[in-house]
Amino acid sequence: MDKRTLLHFSNDVVDTFSRYIQAKDSDCEAGGLILGSVHGQNMLIKEVTEPTINDKRFRCLFERMPFGHEAMALAKWTTSKGVTRYLGEWHTHPEDDPSPSTLDRAEWKSLAEKRIDKRPLLVVIVGRKSLYVELVQSNGKGSVLVPIS
Ligand SMILES: [Zn+2]
C-alpha cells in the first residue's frame, strides 16, 4: 500500500466514469486516457478521454485505438502549456469490485515501459461499485491505491 501518493479526481471525471459503468448485461467496456497535472508525488486528475467510434468495444474487452484520444491529450497539453499531461489509462469492467486481468497487466507493463518521463503509469478500472486504482512502474510492479474518503 502506497501512502505517499494522493490522487484527486475532478467532478467531471467522476461523472464521466459513472456514465460508462457497465450496469446492464449488454453494456460494453469503455475506456480512454487519464489527463491531469502532477504535484510532486500527487496527481490532480482533471479530464479523461471517452471512447471514440474507432475503439473496439465488447462486453469484456476494450481496445483503444490511438486516433482521437492522443489528439485530445496533445490539445490539452498545448492549451495548458504543459500542465495537463498524460497520466495513464482507464477502462471499465463488468464487475462490482474490479480487478485487473492478465491482459490488463501485460498492457500496463508495456505502456509503463514506453513512458519517456519514466513516471509510473496511473491505471484505473471502473467497476460497478468501486474503482481499482494502481500506479504501475516500468518494471511492471504496481502499488494499489486505496480511497481515503
Ligand atoms: Zn480490463
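All ligand and atom numbering here is 1-based and tracks the order in the structure.
- Listed by chain and number, His91 NE2, His93 NE2, Asp104 OD1, Asp104 OD2 are the protein N/O/S atoms closer than 2.8 Å to the Zn ion (ligand 1), with waters left out.
- Under the side-chain contact (heavy atoms from CB on, under 4.5 Å) test applied with Trp90, the options Ile34, Val13, Ile125 reduce to a single match, Ile34.
- Put simply, Leu111 and Val123 are part of the same group of oily side chains (I, L, V, M, F, W, Y) that touch within less than 4.5 Å, one to the next.
- Under the 30°/60° scheme for interplanar angles, the aromatic rings of Phe62 and His69 are found to stand perpendicular.
- Of all non-hydrogen atoms in Gln22 and Arg128, the two that sit nearest each other are O-CD, 3.1 Å.
- By the 4.5 Å heavy-atom criterion applied to side chains, His8 and Asn42 are not counted as neighbours.
- Of all the heavy atoms in Ser26 and Arg59, the pair that sits closest is N-NH1, 4.3 Å.
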